[in-house]
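First listed ligand is number 1; within each ligand, the first listed atom is number 1. The shown structure was predicted, so the numbers you read here are calculated from the model rather than taken from an experiment.
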Amino acid sequence: MVRSILLINGPNLNLLGTREPHIYGHATLEDIATAATAQAKSLGATLVAFQSNHEGAIVDRIHEARGNTDAIVINPGAYTHTSVAIRDALLGVDIPFIELHLSNPHTREPFRHVSYLSDKAASIICGMGAHGYTAAVEFAAIHLKIKESKT
Ligand SMILES: O=C(O)[C@]1(O)C[C@H](CCCOc2ccccc2)[C@@H](O)[C@H](O)C1
């Protein structure tokens, strides 16, 4: 049974590859989505990629995942550190999610050390750059396989 994964990227991640490569690397968001899609396919899953700079649009997209998505991989960007709304949306749809960051926020400014999602995430991947996305997709597929074997 093909499993479906939703990849969500938050604000400013559309700028990847253009600025701050020393923090976020050189890969563009398109590069990342292409690699994540290929990784999902290799593991028998499908992947839909979404990016928005707007909190409400991310909340709406999470709601749209109800009934058609088995796992979410989310890099919330700066909303990681501020958004109760995105937390509530993820909890509300009851879909397992992986929190992902290109950098390791714990080595950066103190305000980045707080996440409104981490305590509810199936896993947290950070500091691996673009590789973190393919790692997250692999874990989602493995996690789903575990879920599938229990059903
Ligand atoms: O490390 C990550 O993936 C972050 O989620 C990225 C967010 C920032 C995304 C902005 O990305 C840019 C990429 C290129 C140029 C400017 C911003 C940051 O606010 C989080 O603390 C950690």
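- The side chain to side chain contact (heavy atoms under 4.5 Å, CB included) test with Y79 singles out one residue from I74, I58, N53, and that residue is I58.
- Classified by interplanar angle (parallel below 30°, tilted 30° to 60°, perpendicular above 60°), the ring pair H81/H101 is parallel.
- Any N or O atom pair closer than 3.5 Å counts here, and S103 shares at least one such pair with ligand 1.
- For the pair D88 and K120, the salt-bridge criterion is not met [side-chain N within less than 4.0 Å of a carboxylate O].
- Of the heavy atoms in E20, only side-chain atoms (C-beta onward) come closer than 4.0 Å to ligand 1.
- Considering backbone and side-chain atoms together, R108 places no N or O closer than 3.5 Å to any N or O of ligand 1.
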Side-chain donor-acceptor contacts of residues 14-26 below 3.5 Å, not counting sequence neighbours, with atom names and distances?
residue, atom, partner, partner atom, Å
N14, OD1, Q51, NE2, 3.3
T18, OG1, L15, O, 2.4
Y24, OH, R108, NH1, 2.9
Y24, OH, R108, NH2, 3.1

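- Remark: minimum distance from atom 18 (C) of ligand 1 to any protein heavy atom is reached at R112 NH1, 3.2 Å.
- Ranking protein heavy atoms by distance to atom 21 (O) of ligand 1, first place goes to H81 NE2, 2.7 Å.
- The hydrophobic cluster around L91 extends to none of the other residues, as no ILVMFWY side-chain heavy atom falls under 4.5 Å of it.
- Distances from atom 13 (C) of ligand 1 to the heavy atoms of Y79, F111, Y24 put Y24 nearest.
- Which of E109, H113, R19, H101 comes nearest to atom 14 (C) of ligand 1 through a heavy atom is settled by distance: it is R19.
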